[in-house]
Amino acid sequence: MTDRRAECWADMPALIDAVQAAGDAIGLPHVAAQADLGDPEPMSDAEGRPYAETSFRWVDPDYAYWRDRKLALQLAFLTAARLTAEPFYYSDGQLGTWRPTALIDAVDCSQARNTPNFGEAIIAPVHLPRGLVGAVFWCSREPVGVKALFDEHAGRLHTLALRLVATHNEARGRPRNATVPQTLTRREVQCLRWAAAGKTDGEIGIILSLSVSTVRFHLRNAAAKLGATGRAQSIQIAAGLGYVGARAA
């Protein structure tokens with residue numbers, strides 16, 4: 001283990017305590033966290049002990065939710081966390097954030113609404129480069145006026161969630177085999193953007209007045225610089241690094 005990873009593991013207990021203390025202070029004392037929503041394993045310490053067992057408290061102490069590997073695909077809050085990088089709150093079957101957004105308006109929260117002893121929540125998604133998405137949840141068992149709490153505390157909670165998730169992923173060496181990518185050329189970015197828009201190599205060549213072999217040359221170079229294997233991963237990593245904008249993706 002590198003010194004940097006060891007330092008990150010050493011920082012984790014204080015961050016875990018800070019996340020729990022933040023929830024306790026505002027009346028949302030039940031906490032859950034996952035550093036990578038794509039990982040079926042729960043967020044755990046250096047010895048592999050889930051924080052959900054050792055550190056955080058959940059609304060239902062008898063429900064070992066971290067053992068349910070299907071939960072990440074079923075839980076409305078996690079769906080919303082994938083759709084927005086902003087913190088949001090839950091109250092009375094609905095989600096809200098700082099601004100109106102159709103992305104989370106359409107998320108079905110009926111399961112949470114029908115869950116006994118589940119009141120309100122603030123959720124802080126954390127979107128990191130190379131497709132890593134994590135989230136931290138602060139919840140209550142009864143209504144606590146979460147909209148006012150959100151307006152006052154969401155920014156601080158979001159920063160705390162970012163520190164927790166980013167530090168934990170650095171400690172685990174995630175994403176694996178990640179390197180600092182070389183700078184892409186203008187042509188490489190153009191080819192990636194049109195590829196992200198669904199264009200074939202031939203279509204990209206017509207649009208950019210390039211031969212098909214030249215398009216493929218630029219895409220191969222871009223993949224090598226990004227540390228990607230294949231077209232789809234090149235587009236994913238390029239999008240996560242801001243080379244491919246929302247219009248193209």
Side-chain angles (χ1 to χ4, degrees), residues 2 4-5 8 34-41 72-73 78-88 97-107 123-135 158-159 161-249:
T2 65
R4 184 178 299 276
R5 289 180 61 190
C8 288
Q34 181 67 345
D36 180 1
L37 300 188
D39 188 350
E41 297 300 325
L73 301 177
L78 297 185
T79 297
R82 291 184 174 95
L83 295 176
T84 180
E86 302 170 50
F88 56 92
T97 186
W98 290 316
R99 60 182 175 87
T101 170
L103 284 174
I104 63 173
D105 287 345
V107 176
I123 300 95
V126 177
H127 289 239
L128 299 174
R130 302 183 72 91
L132 272 176
V133 179
H158 198 207
T159 299
L162 174 59
R163 290 183 61 198
L164 179 76
V165 169
T167 301
H168 189 265
N169 280 319
E170 187 73 26
R172 295 192 307 166
R174 300 288 180 88
R176 292 194 178 98
N177 303 319
T179 58
V180 177
Q182 302 175 51
T183 301
L184 300 184
T185 66
R186 177 171 171 268
R187 279 299 194 203
E188 289 163 356
V189 171
Q190 287 176 326
C191 290
L192 279 171
R193 286 175 176 168
W194 285 114
K199 302 300 183 182
T200 66
D201 293 346
E203 291 169 333
I204 296 171
I206 293 171
I207 293 167
L208 298 179
S209 299
L210 301 172
S211 68
V212 171
S213 61
T214 301
V215 170
R216 290 173 179 166
F217 169 79
H218 288 311
L219 289 174
R220 284 196 302 270
N221 281 353
K225 290 180 178 180
L226 294 170
T229 55
R231 190 187 196 95
Q233 192 178 55
S234 293
I235 293 169
Q236 178 196 30
I237 294 173
L241 294 173
Y243 286 112
V244 176
R247 288 183 64 187

Step-by-step side-chain contact (heavy atoms from CB on, under 4.5 Å) determination, Thr97 to Ile104: CA-CA 9 Å; Thr97 186; Ile104 63 173; 4.0 Å; yes
Residues Arg82, Val107; criterion side-chain contact (heavy atoms from CB on, under 4.5 Å); working and verdict: CA-CA 11 Å; Arg82 291 184 174 95; Val107 176; over 6 Å; no
From CA spacing to verdict: side-chain contact (heavy atoms from CB on, under 4.5 Å), Thr214, Leu208: CA-CA 10 Å; Thr214 301; Leu208 298 179; over 6 Å; no
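- Side-chain atoms of His158 do not come within 3.5 Å of backbone N or O of Val126 as any donor-acceptor pair.
- Of all heavy-atom pairs between Tyr243 and Thr183, the closest is OH-CA, 4.2 Å.
- Between the side chain of His127 and the backbone N or O of Ala81 there is at least one donor-acceptor pair closer than 3.5 Å.
- A donor atom on one side chain and an acceptor atom on the other are not found under 3.5 Å apart for Arg193 and Gln190.
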Steps toward side-chain contact (heavy atoms from CB on, under 4.5 Å) verdict (Arg172, Asn169): CA-CA 5 Å; Arg172 295 192 307 166; Asn169 280 319; 2.8 Å; yes
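- A donor-acceptor pair is defined here as one N or O able to donate and one able to accept, closer than 3.5 Å; such a pair exists between the side chain of Gln34 and the backbone of Asp39.
- Remark: Leu164 CG to Thr159 OG1 distance equals 12.5 Å, nearest 0.5 Å.
- Residues Leu210 and Arg187 are in side-chain contact: their nearest non-hydrogen atoms beyond the backbone lie under 4.5 Å apart.
- The nearest pair of heavy atoms linking Ala171 to Arg5 is O-NE, 2.8 Å.
- Across all their heavy atoms, Ala135 and Val165 have their closest contact at N-CG2, 4.3 Å.
- In this structure, Ala195 and Leu219 approach most closely via the heavy-atom pair CB-CD2, 4.5 Å.
- Considering only heavy atoms from C-beta on, Leu226 comes within 4.5 Å of Leu192 through its side chain.
- Using a 4.5 Å cut-off on side-chain heavy atoms (C-beta onward), Leu241 and Leu184 make no contact.
- Expressed to the nearest 0.5 Å, how far SG of Cys191 lies from CD1 of Ile235 amounts to 11.0 Å.
- Between Asp36 and Val133, every side-chain heavy-atom pair lies at or beyond the 4.5 Å cut-off.
- Proximity of a side-chain donor or acceptor of Thr167 to a complementary backbone N or O of Cys8 within less than 3.5 Å is not detected.
- For Arg231, the CZ atom sits in a packed shell: over 12 heavy atoms of surrounding residues, nucleotides or ligands are nearer than 6.0 Å.
- Without hydrogens or angle criteria, Glu188 side chain to Thr185 main chain gives a donor-acceptor distance under 3.5 Å.
- The two residues Ser234 and Gly230 come nearest to each other via the heavy atoms OG-O, 2.9 Å.
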